[in-house]
Enquirer: 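Structure below; questions to follow.
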Amino acid sequence: MEIDLIFKIAAVGIIISILNQVLVRTGREEQATMTTLAGLVVVLMIVVQRIAELFGLVKELFHF
Amino acid sequence: MEDWIRIFGLLLTAGILCLLLRRTGPEFGTAAAVAGCLAGTLLLLKLCSPLLEFVRALSAQTGIDRRFLAPVLKSVGIGALTQFTAAFCEDCGQATLAKVAVTGGTVLVLCVCLPLFQAVLSLTAALSGG
């Protein structure tokens with residue numbers, strides 16, 4: 001289901017934001033930055049797979 | 001009809017989630033927007049496949065050479081991907097990258113359509129007796 005992808009990314013974003021806030025409030029800015037970076041990498045991995053799928057579909061449909 | 005409703009629902013949900021995520025983490029908001037665009041485009045392209053099959057069948061029935069139809073279809077594909085990439089770059093606030101993507105798409109379309117231009121040129125030369 002396509003909507004699962006968006007919900008998955010939103011869930012990762014919300015969790016990372018909460019973790020980021022908690023870590024910043026407790027004075028661990030470096031760890032907060034690293035957590036945000038890790039979350040971003042996870043999200044990018046998901047998105048890149050879908051981008052590859054889109055490119056494959058376009059290649060298949062338009063006979064490249 | 002159900003597919004269209006599904007696409008509109010998906011895009012609206014993605015838009016609302018983007019608004020929510022942009023407050024807490026702007027990079028996740030952009031990622032959610034890209035994911036929404038990707039999901040919508042994938043569904044749309046799957047809906048377009050019968051249309052493309054019809055165009056191919058029509059060209060086979062009317063006897064249009066596949067050499068001449070292929071560049072047209074490829075140009076449509078390149079245009080769709082270029083538009084998507086440029087819009088994504090603009091969402092990220094990178095207008096220069098978007099312009100490079102558009103220029104790249106234009107050059108690619110010109111390269112793909114080169115056989116068509118050559119065919120027109122040779123036809124013109126043949127008609128004028130050159």
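Lettering of chains follows the sequences in order, A, B, ..., and the numbering in each one begins at 1.
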Enquirer: So what's closer than 4.5 Å to chain B heavy atoms on A:Val43: side chain, backbone, both or neither?
Expert: side chain
Enquirer: Could you pull out the closest heavy-atom pair between B:Ala35 and A:Ile9, with the gap in Å?
Expert: CB-CD1, 3.2 Å
Enquirer: Mind listing the closest non-hydrogen atom pair of B:Gly36 and A:Ile6 along with its distance?
Expert: CA-CD1, 3.7 Å
Enquirer: Would you say B:Gln83 has more than 12 foreign heavy atoms packed within less than 6.0 Å of its CD?
Expert: no
Enquirer: Just wondering, do A:Ile14 and B:Leu20 contact through their side chains at under 4.5 Å, heavy atoms?
Expert: yes
Enquirer: Go through the atoms of B:Leu17 and report whether side chain, backbone, both or neither lie under 4.5 Å from a heavy atom of chain A.
Expert: side chain
Enquirer: If I take atom CD1 from residue A:Ile3 and atom CG from residue B:Leu11, how far apart are they, to the nearest 0.5 angstrom?
Expert: 8.5 Å
Enquirer: Could you pull out the closest heavy-atom pair between B:Gly25 and A:Ser17, with the gap in Å?
Expert: N-OG, 4.2 Å
Enquirer: Of all heavy-atom pairs between B:Val76 and A:Phe62, which one has the smallest distance, and what is that distance?
Expert: CG1-CE2, 3.7 Å
Enquirer: Working to the nearest 0.5 Å, report the span between CD of A:Glu60 and CG of B:Leu45.
Expert: 10.5 Å
Enquirer: Side chain, backbone, both or neither: which part of B:Leu52 has a non-hydrogen atom closer than 4.5 Å to chain A?
Expert: side chain
Enquirer: Restricting to non-hydrogen atoms, name the atom on B:Arg56 and the atom on A:Leu61 that form the minimum distance, rounded to 0.1 Å.
Expert: NH2-O, 2.5 Å
Enquirer: Within a strict 4.5 Å, meaning less than it, do heavy atoms of the A:Leu54 and B:Leu81 side chains meet?
Expert: yes
Enquirer: If you round to the nearest 0.5 Å, how far is CD1 of A:Ile16 from CG of B:Leu21?
Expert: 11.5 Å
Enquirer: Is it the backbone or the side chain of A:Gln21 that comes under 4.5 Å from a heavy atom of chain B, or both, or neither?
Expert: neither
Enquirer: Taking everything shown except B:Phe88 itself, do over 12 heavy atoms lie less than 6.0 Å from its CZ?
Expert: no
Enquirer: Please name the pair of heavy atoms, one in B:Phe28 and one in A:Thr36, separated by the smallest distance, quoted to 0.1 Å.
Expert: CZ-O, 4.1 Å
